[in-house]
Amino acid sequence: MPREIRLFNTLTRRVETFRPLEPGRVRMYTCGPTVYNFVHIGNLRTFLFEDVLRRTLAAFGYRVTQVMNLTDIDDKTIKGAAAEGVTLREFTDRYVEAFFADIDALRVQRAEHYPRATEFIAHQVALVRRLSERGHTYVQDGSTYFRIATFPGYGKLSGLDVNEVKAGARVDADEYEKEDVRDFVLWKAAKPGEPAWDTELGLGRPGWHLECSAMGMALLGESFDIHTGAVDNIFPHHENEIAQSEGATGRPFVHTWLHAEHLVVEGQKMAKSAGNFFTLRDLLAKGHSPLAIRYLLVSVPYRQKLNFTFDGLHAAAAGVERIGNTLRRLAHTPAAAGEGALPAAAVEEFLAEFDGALADDLNTARALAAVHTLLTRVNQALDAGGIGERIRAGVEAALARVDAVLGIVPSVESEGAGDAEIDALVAERNAARKARDFGRADAIRGELTARGIVLEDTPHGTVWHRSA
RNA sequence: GGUGACGUAGCCAAGUGGUAAGGCAGGGGCCUGCAAAGCCCUCAUUCGGCGGUUCGACUCCGCCCGUCACCUCCA
């Protein structure tokens, strides 16, 4: 039996105990990138929330099937391809590839499916047909619209009163004519020079919201457990998905809706004009480590606004370092006889708190606090006389679980080994130290430091590793 | 105008009725030939402000101040 988890459902505005439709199995749909550009750290915050969600569910014993769409047909991709004079596919392929490279760098686990909107045109057309059969649509100037007046539940996710949504400066930005400004387009009539599909709906292309309904239902079923995105998706995107999906099937579309808060940079909304807009690539180019970025983005619970700062990034890097240092000490310190200075209860308490925090609507800040408390106890025990073999294995297993869920544990495995030249320098330095020739010893250490090698003289000998 | 968040130490942040987790930064100390790593001590008599409820409130209620988000491009 999987462990229970409590999640805040946007639909009910409450933290609820999560119950999958099929016991032990979770089907989740996560809104993915529009592939017209490199993803920025705000996108990444959301993807990382989804990654921690799927990892937590898996660690808790659920079998997870995750779908993440790749939006490769919309105004932005069309514009981008046209601007460069390449086909839509060539243009979007580039950013799909970049997207995968970026999430790989951040250790995001792959979803089971990454459907592209352009590869599910038939499903989208079929969905519109079902909506038409049930009287939810109308056609105007070759485009097909969803008439929200036919869907009584409209507004239930966002809590917006549709009657309050009035035509104004911000409404009806798109050029297509609608019967009612609140209606949204399902199928857009072709415009000259734009990609179009010749279908029973006429020559055109799918509207923005259609792909998620069609692909979600195609890959996960007409009703599934979880649908996620960032808060700005609540309205109109997810509201419209519900209308489209439930309008077509007459069944509940999604049981639990989860939304990640936005991130701000140095307290300001991230915007290109403000000069605080960062892609992953920007940060890596500045020399920040992917693991530190991941740690920072994961350290604030997903429903909290995250203030991304360079101070915070340095703190995150320090946090990652501390985990690695402790793991390294643990590996290099000989095991104590028997239980040693760390009681087995310390590990058990940690696991209970760590899992408890995650089960509480993914409270990653609390989970991380538990990790640090464990690290302190481990270091105390290491100072106090060592840790027994069995307990040490328990600590390592616990940190492996931390890594399985949060993905923030640096690898110390292959460090400090297999480099005969460095080993020789270390040996030479130790000979100098023994001879009390500290000038020579420090010169060697200085040289190694310049090469990015960190030395540690422990009671059990000198160990070295490469600085992060 | 409508709807909804948030305001805890220098910074990030947990807690949400029982007397303030954790991390980073800072100060002092131990260890070390010196470092590195680690450990110890220290760092909010107080949780935006003012009232109220309560034996007791950071936690509940009211008002006020401030910051922010969404209201059909937006992760």
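Only a predicted model underlies this, so the values are computations on that prediction, with no experimental measurement involved. The figures that follow rest on heavy atoms only: side chains count, while hydrogens, waters and symmetry mates do not. Numbered from 1 within each chain, the chains take letters A, B, ... in sequence-line order.
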(message) A/Tyr302 and side-chain hydrogen bond (donor to acceptor under 3.5 Å, both in side chains): which single residue from A/Asp361, A/Asn363, A/Thr364, A/Thr228 fits?
(response)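 Testing A/Tyr302 for a side-chain hydrogen bond (donor to acceptor under 3.5 Å, both in side chains) against A/Asp361, A/Asn363, A/Thr364, A/Thr228 leaves exactly one candidate, A/Asp361.
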(message) Any donor-acceptor pair, under 3.5 Å, between the side chain of A/Asp442 and the base of B/G33, if you only look at N and O atoms?
(response)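 Side chain to base: pair found, below 3.5 Å.
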(request) Would you mind checking if A/Arg451 and A/Asp419 are paired as a salt bridge, meaning a charged N to carboxylate O distance below 4.0 Å? (result)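 Salt bridge between A/Asp419 and A/Arg451, a charged N being under 4.0 Å from a carboxylate O: no.
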(request) In plain terms, say whether A/Asp51 and A/Arg107 are close enough for a salt bridge, that is, a side-chain N and a carboxylate O under 4.0 Å apart. (result) no
Select base, sugar-phosphate, or nothing to describe what [X] touches, counting heavy atoms under 4.0 Å on all strands.
X: A/His259; result: nothing
X: A/Val39; result: nothing
X: A/His262; result: base
X: A/Arg13; result: nothing
X: A/Ile234; result: nothing
X: A/Val454; result: sugar-phosphate
X: A/Pro301; result: sugar-phosphate
X: A/Asn233; result: sugar-phosphate
X: A/Ala315; result: sugar-phosphate
X: A/Thr376; result: sugar-phosphate
X: A/Arg303; result: nothing

[X] [atom1] to [N] [atom2]: how many Å, rounded?
X: A/Asp457; N: B/G38; atom1: CG; atom2: C1'; value: 14 Å
X: A/Asp232; N: B/G4; atom1: CG; atom2: P; value: 19 Å
X: A/Gln304; N: B/G15; atom1: CD; atom2: C1'; value: 12 Å
X: A/Asp361; N: B/A14; atom1: CG; atom2: P; value: 12 Å
X: A/Arg45; N: B/C12; atom1: CZ; atom2: C1'; value: 13 Å
X: A/Leu157; N: B/U72; atom1: CG; atom2: C1'; value: 14 Å
X: A/Glu456; N: B/A35; atom1: CD; atom2: P; value: 15 Å
X: A/Glu241; N: B/A75; atom1: CD; atom2: P; value: 14 Å

(request) Could you measure between the two C1' atoms, the one in B/G29 and the one in B/C65, and give it in whole Å? (result) 44 Å
(request) Rounded to whole angstrom, note down the P distance from B/A35 over to B/G17. (result) 49 Å
(request) Take A/Ala318 and A/Gly312, find for each the nucleotide of RNA chain B with the closest heavy atom, and name the residue whose nucleotide sits nearer the 5' end. (result)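 Residue closer to the 5' terminus by nearest nucleotide: A/Gly312.
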(request) Could you say whether A/Arg429 or A/Lys76 is positioned toward the 5' end of RNA chain B, judged by the nucleotide with the nearest heavy atom to each? (result) A/Arg429
(message) Taking side-chain hydrogen bond (donor to acceptor under 3.5 Å, both in side chains) as the definition, give me every residue that meets it alongside A/Ser245, ordered by chain and number, with sequence neighbours left out.
(response) A/Ser213
(request) Would you please name every residue forming a side-chain hydrogen bond (donor to acceptor under 3.5 Å, both in side chains) with A/Arg147, sequence neighbours left out? (result) A/Glu179
Is there a Watson-Crick or G-U wobble partner for [N] with both distances under 3.5 Å, and which nucleotide is it?
N: B/A57; answer: none
N: B/G66; answer: B/C6
N: B/U45; answer: none
N: B/C34; answer: none
N: B/U16; answer: none

(message) Would A/Lys286 pass as a cation-pi partner of A/Phe278, given that its NZ or CZ must be under 6.0 Å from the six-membered ring centre and within 45 degrees of the axis?
(response)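 Because its charged atom misses either the 6.0 Å distance or the 45° angle limit, A/Lys286 does not stack over A/Phe278.
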(message) Would you call the rings of A/Phe184 and A/Phe146 parallel, tilted or perpendicular, taking 30° and 60° as the class edges?
(response)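 Geometry flag for A/Phe146 against A/Phe184: parallel rings.
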